[in-house]
Amino acid sequence: MASLWVRARKAFVKSRASGLSAKAATEMGSGGAEKGYRIPAGKGPHAVGCTDLMTGNAAEGSFLRLYYPSCDDTDIEETPWIPDKEYYQGLSDFLNVYRVVGERLFQYYVGSVTCPAKSNAAFKPEEKYPLLVFSHGLGAFRTIYSAICIEMASQGFLVAAVEHRDESASATYFCKKKADSEPEEESASSVEKEWIYYRKLRAGEEERCVRHKQVQQRAQECIKALDLILKINSGEDVMNVLNSGFDWDHLKDSVDTSRIAVMGHSFGGATVIESLSKEIRFRCGIALDAWMLPVGDDTYQSSVQQPLLFINSEKFQWASNVLKMKKLSSNDANKKMITIK
């Protein structure tokens with residue numbers, strides 16, 4: 001999967017260097033699209049399903065994709081990795097590529113990629129599962145980390161992958177009622193998607209201030225996701241504005257509330273730290289290549305009591321970032337850091 005991103009990125013660089021025109025991009029028909037690629041299946045004993053959950057008709061609501069152990073239903077088609085063309089547009093913005101070019105290139109290279117998580121597959125209610133709330137990195141969104149989320153679900157976790165609305169995602173949306181719809185109308189045709197795209201830093205803005213404000217919102221969105229899943233676990237009705245057809249009642253009493261963790265990558269790693277400092281129901285955290293810039297100074301003052309595991313990749317990290325991790329984890333046996341060479 002990484003090779004697909006590398007090839008797409010090289011194509012972006014080449015298109016910018018050669019001034020690839022909109023006409024040339026348009027002429028890249030679907031005939032050359034990569035076919036047959038899929039996110040790797042989980043190695044655990046469970047088949048995996050996924051479904052989307054959105055609450056509220058404004059940006060302040062919650063939006064997540066839940067990955068879960070499912071009944072093995074081979075009749076259900078696999079899920080597209082990138083669910084809407086607007087995500088291609090957002091990724092293009094994030095990568096500083098013209099949208100018309102980026103959309104065509106992403107469609108060409110990853111448009112047919114699927115995930116081995118069956119959409120709205122029947123939930124497997126055999127036991128109580130630990131819950132993992134997942135936070136994506138800068139410029140990503142809820143489906144980008146499908147490989148990790150599917151693996152964890154195959155091992156017997158419920159994974160709530162949050163899509164953040166702090167303008168750090170390349171794209172996200174909320175559903176609002178159409179202006180011409182009747183007040184009592186609740187069908188899918190009565191709502192429309194309001195898209196929120198990645199916001200670049202403005203001239204003169206200090207990145208640390210912007211990212212710190214964003215990470216505060218991100219942590220609150222992770223806590224909202226936790227609240228939402230625990231409401232469903234207790235049997236409360238939750239209104240899903242997406243009308244996915246998934247039966248949320250089957251999740252009643254399915255969460256092991258003594259085993260709740262928060263996990264994230266890069267900016268999501270910083271979100272893990274902030275979430276732990278604000279919510280004791282998160283029993284532990286896993287930060288994958290955490291980006292420490294957004295973490296507030298007050299967070300280093302013993303505000304994270306829960307166990308925390310930093311997992312780093314050698315080529316991603318740099319000295320000042322690692323020193324901040326050590327500052328947070330020094331003299332605390334509950335906090336560990338490992339690096340994959």
Side-chain angles (χ1 to χ4, degrees), residues 52-56 58-67 87 90-91 93-94 131-146 148-149 159-174 195-201 205-230 260-300 303-304 306 308-311 316 321 324-325 328:
D52 288 333
L53 175 61
M54 183 186 293
T55 61
E60 293 73 28
S62 292
F63 189 21
L64 62 87
R65 172 160 290 188
L66 185 73
Y67 299 84
Y87 290 106
L91 286 167
D93 293 347
F94 179 68
L131 172 63
L132 188 62
V133 175
F134 192 93
S135 174
H136 63 71
L138 189 69
F141 42 90
R142 73 190 187 285
T143 68
I144 286 290
Y145 296 90
S146 293
I148 294 173
C149 296
V159 184
V162 177
E163 190 159 286
H164 292 295
R165 290 170 170 171
D166 61 332
E167 297 180 302
S168 69
S170 58
T172 185
Y173 67 92
F174 61 91
W195 285 89
I196 304 168
Y197 290 101
Y198 175 76
R199 183 177 85 77
K200 297 177 183 178
L201 293 175
E205 279 189 318
E206 184 184 351
E207 183 169 23
R208 189 173 188 276
C209 292
V210 175
R211 302 308 183 200
H212 180 63
K213 183 178 179 181
Q214 287 177 320
V215 83
Q216 302 299 309
Q217 179 176 334
R218 285 166 145 259
Q220 289 303 322
E221 287 171 339
C222 287
I223 294 168
K224 281 184 183 179
L226 172 60
D227 290 337
L228 200 55
I229 299 301
L230 292 183
I260 297 173
V262 58
M263 181 179 189
H265 172 254
S266 191
F267 203 173
T271 308
V272 166
I273 297 165
E274 290 291 336
S275 299
L276 290 173
S277 72
K278 290 175 167 56
E279 181 52 71
I280 60 172
R281 290 177 297 175
F282 289 125
R283 300 301 183 93
C284 64
I286 305 96
L288 308 174
D289 271 325
W291 181 35
M292 300 299 288
L293 176 74
V295 178
D297 292 335
D298 56 331
T299 306
Y300 291 94
S303 61
V304 178
Q306 305 96 312
L308 173 60
L309 175 62
F310 290 105
I311 303 178
F316 181 88
N321 202 57
K324 289 181 179 179
M325 294 182 203
L328 189 68

Q | With sequence neighbours excluded, residues passing salt bridge (Lys or Arg N to Asp or Glu O under 4.0 Å) with Glu167 | A | Arg199
**Q.** Euclidean distance, Gln217 CD relative to Glu221 CD, rounded to 0.5 Å
**A.** 4.5 Å
(Q) Determine whether a donor-acceptor pair (N or O, by modelled atom type, separation under 3.5 Å) exists between the side chain of Ser62 and the backbone of Thr55. (A) no
Q. How would you list, by chain and number, every residue that makes a side-chain hydrogen bond (donor to acceptor under 3.5 Å, both in side chains) with Ser146, sequence neighbours excluded?
A. Tyr67
Q. What residues form a salt bridge (Lys or Arg N to Asp or Glu O under 4.0 Å) with Asp297, not counting sequence neighbours?
A. Arg208
Q: Please name all residues satisfying side chain to side chain contact (heavy atoms under 4.5 Å, CB included) with Asp52, sequence neighbours left out, ordered by chain then number.
A: Phe63, Arg65, Arg142, Leu242
(Q) Under the rule for side-chain hydrogen bond (donor to acceptor under 3.5 Å, both in side chains), what residues qualify as partners of Tyr145, not counting sequence neighbours? (A) His265
Q. Say you draw a straight line from OH of Tyr87 to OH of Tyr197; how long is it, rounded to the nearest 0.5 Å?
A. 9.5 Å
Q | Asp227: side chain to side chain contact (heavy atoms under 4.5 Å, CB included) partners, not counting sequence neighbours | A | Ile223, Arg281
Q. Out of curiosity, Ser277 OG to Tyr300 OH, how far, rounded to the nearest 0.5 Å?
A. 11.5 Å
Q.
Looking at Leu201, I'd like to know if its CG atom is crowded, meaning that more than 12 non-hydrogen atoms belonging to other residues, nucleotides or ligands lie closer than 6.0 Å.
A. yes
Q: Please name all residues satisfying side chain to side chain contact (heavy atoms under 4.5 Å, CB included) with Ala169, sequence neighbours left out, ordered by chain then number.
A: His136
Q | Point-to-point distance, once rounded to the nearest 0.5 Å, from CZ of Phe310 to CD1 of Ile273 | A | 4.0 Å
Q: Go through the side-chain N and O atoms of Lys278 and Gln216 and say whether any donor and acceptor fall under 3.5 Å apart.
A: yes
Q | For Arg211, side-chain hydrogen bond (donor to acceptor under 3.5 Å, both in side chains) partners two or more places apart | A | Tyr198, Glu207, Gln214
Q. By side chain to side chain contact (heavy atoms under 4.5 Å, CB included), which residues pair with Leu132, not counting sequence neighbours?
A. Met152, Phe157, Val159, Ala261, Met263, Ile286
Q. Mind checking what makes side-chain hydrogen bond (donor to acceptor under 3.5 Å, both in side chains) contact with Thr299, not counting sequence neighbours?
A. Glu274
Q: For Arg218, enumerate each residue passing the salt bridge (Lys or Arg N to Asp or Glu O under 4.0 Å) test, keeping only those at least two apart in sequence or located in another chain.
A: Asp166
Q | salt bridge (Lys or Arg N to Asp or Glu O under 4.0 Å) involving Glu206 - partner list, sequence neighbours excluded | A | none
Q: Hey, could you give me the CD1/CG distance between Ile260 and Leu131, rounded to the nearest 0.5 Å?
A: 5.5 Å
Q. Can you check whether Val133 reaches Ile229 side chain to side chain, under 4.5 Å on heavy atoms?
A. no
Q: Look up atom CG in Leu138 and atom CZ in Phe94, then write down how far apart they are to the nearest 0.5 Å.
A: 4.5 Å
